[in-house]
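Okay, structure first, notes after.
As the structure is a prediction and not an experimental result, all values here were calculated from the model. One is the number of the first residue; the rest follow in order along the sequence. Heavy atoms only: backbone and side chains are in, while hydrogens, waters and symmetry mates are out.
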Amino acid sequence: MSVALWRNLGGFPETEPYRSTGVEPMLGRTFDLAEAGADDTACVPASGEVRWRLVLTAGCRCP
């Protein structure tokens, strides 16, 4: 699995644009299946469910 990081810089939605940042799971290594190589895709099990977890840890080294 891979992680996608995207930014909306105020162009969406067109009627009330706002800025946002997103972190989303990817089941493969590319955004476009048409551009994927032989090992760039993943298989979803028959259940149709894949679990994904992202853990972020931040710290501060204050003087």
*Residues two or more places apart in sequence or in another chain: which of them pass side-chain hydrogen bond (donor to acceptor under 3.5 Å, both in side chains) with E35?*
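side-chain hydrogen bond (donor to acceptor under 3.5 Å, both in side chains) list for E35, sorted by chain: empty.
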*What residues form a side chain to side chain contact (heavy atoms under 4.5 Å, CB included) with L54, not counting sequence neighbours?*
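Counting only residues at least two positions away or on another chain, L54 forms a side chain to side chain contact (heavy atoms under 4.5 Å, CB included) with V23, W52, L56.
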_Going by side chain to side chain contact (heavy atoms under 4.5 Å, CB included), name the residues that satisfy it together with R7, two or more places apart in sequence or in a different chain._
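L9, T21.
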*State, to 0.1 Å, how close G10 and P17 come at their nearest heavy-atom pair, and which atoms those are.*
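That would be O-CB, 2.5 Å.
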*Is the number of heavy atoms from other residues, nucleotides or ligands within 6.0 Å of CG (D39) greater than 12?*
no
*asked:* I need the full list of salt bridge (charged side-chain N to carboxylate O under 4.0 Å, His left out) pairs touching residues 14-30, with sequence neighbours left out, sorted by first then second residue.
replied: R29-D40
Under 3.5 Å, side-chain donor or acceptor atoms of residues 42-50 against the rest of the protein: list the pairs with distances, not counting sequence neighbours.
| unit_1 | atom_1 | unit_2 | atom_2 | d |
| --- | --- | --- | --- | --- |
| S47 | OG | E49 | N | 3.2 |
| E49 | OE2 | R51 | NE | 3.4 |
| E49 | OE2 | R51 | NH2 | 3.2 |

